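Fair warning: this is a prediction, and the values are worked out from it, not measured in the lab. Start at 1 and go down the list; that is how both ligands and their atoms are numbered.
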Amino acid sequence: MKSLKNLSNKDLLNQLRRLVQKERDFTLEILRHLIEVERRGLHLEKAYSTLTEYCIHELGYGESSAWRRVRAARVIGKISEVYNLMKEGRLTFSAVVQIAPVLNAQNKKSLLPRVEGKAKKDIDAILAAFQPPQVIADQARPRVVKRHVSVESAPADADASDAGERKSAPELGEISLHSEGENNPTVKNSTPEIEVVLEKMYEIRFAADEELMELIRWMKSHLSHKFPKGASFLEIFKYAMKYYKDREDLATNKPARSAKTKPKTDTRHIPKAVQKKVWKRDGGRCAFIGSNGKRCNSQHNLQFDHYPIPFARGGPSTVGNLRLLCAKHNRYTAEQLYGDEHIRKHFIKETPVGYLIREQTRRAFARGAA
Ligand SMILES: [Zn+2]
């Protein structure tokens, strides 16, 4: 490595400036390449369900670096002005990552000039004015709830730690304050007929819109005969979901009337037992394998896919002809199979590998059909 010690101060600073410009140009080029990779779906073809995952495992970025690059790349892909501002050094990479969730085609004209050359905390303040009203994120938090339960009065000399003595309450809670011989003054000293049980519950939070509130109000009045004191949210949601589940169970267990007239392969229905076997065999993970031999393994949004013979070409719903795919790979393979026009436009021209896979799959079908 060449020593910098002999450089004059002026040269050192000039050189540094040039390097920073180069770094900026490099970053921009990387971002442009990422956009193109995503547009062609090449990360999917390599069995990564997200571009970020591809950046981590194939390009060696750290998680945060990968995430930031993907985020910035998408901004540039959508709003070309950002590219020019970055190129001219008027907008830093960090600033682009920071404004990404707020910036859109509608506010770009007013937002971009305001954040140019600004520091992080100044941008935060500017973004606050542009941000949509805060959304309450879905949340389910485990909670231990205390519950007072009346019990038959127990004999005074009963050993409190004996599980046999707690017969009266266990259906209401998993843990009693009596357990492990713990001393409970409420029970032992003053009111032996009241037992405090701890119950594991969940505090669920989400933002309900007016339509849901209207439905809840309707359910409350509709269920008033069942819950004369007024149904709680817990009771309403449980009732509605159980109702739905019972209906679904009934529909799937009922022998289909058309089953006699139609051959089995005509239905998309996959028997529960088959589903279970496929799920177990694929380990509850996406079984897509890329041209590089890598398996996706995503656990997100899994769906059953008819493979190697697709459903539309008479593929049966059997364990041997089904696999688990994440939603992204399910859509990707469907596009490969059915979206010839789409593929010609977006895929084949650019990637011979994609074409090869399609050809191989096509041949597999031909073999399956023969
Ligand atoms: Zn996948």
With a 6.0 Å cut-off on the ring centroids, do Tyr48 and His43 count as close?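 Ring centres of His43 and Tyr48 not closer than 6.0 Å.
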Does the Lys294 side chain pair with the main chain of Ala47, one donor and one acceptor, at a distance under 3.5 Å?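 It does hold such a pair.
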With sequence neighbours left out, what residues match His300 under ring pair (Phe, Tyr, Trp, His ring centres under 6.0 Å)?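 His300 satisfies ring pair (Phe, Tyr, Trp, His ring centres under 6.0 Å) with no residue once adjacent residues are dropped.
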Can you count the protein N/O/S atoms lying under 2.8 Å from the Zn ion (ligand 1), leaving waters out?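 There are 4 of them.
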What residues, two or more places apart in sequence or in another chain, satisfy salt bridge (charged side-chain N to carboxylate O under 4.0 Å, His left out) together with Glu116?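 Partners of Glu116 under the salt bridge (charged side-chain N to carboxylate O under 4.0 Å, His left out) test: Arg90.
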According to salt bridge (Lys or Arg N to Asp or Glu O under 4.0 Å), does anything in residues 91-107 pair up with another residue at least two apart or in another chain? List the pairs.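 Qualifying pairs: none.
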Separation of Asn321 CG from Phe304 CZ (nearest 0.5 Å):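 These two atoms lie 13.0 Å from each other.
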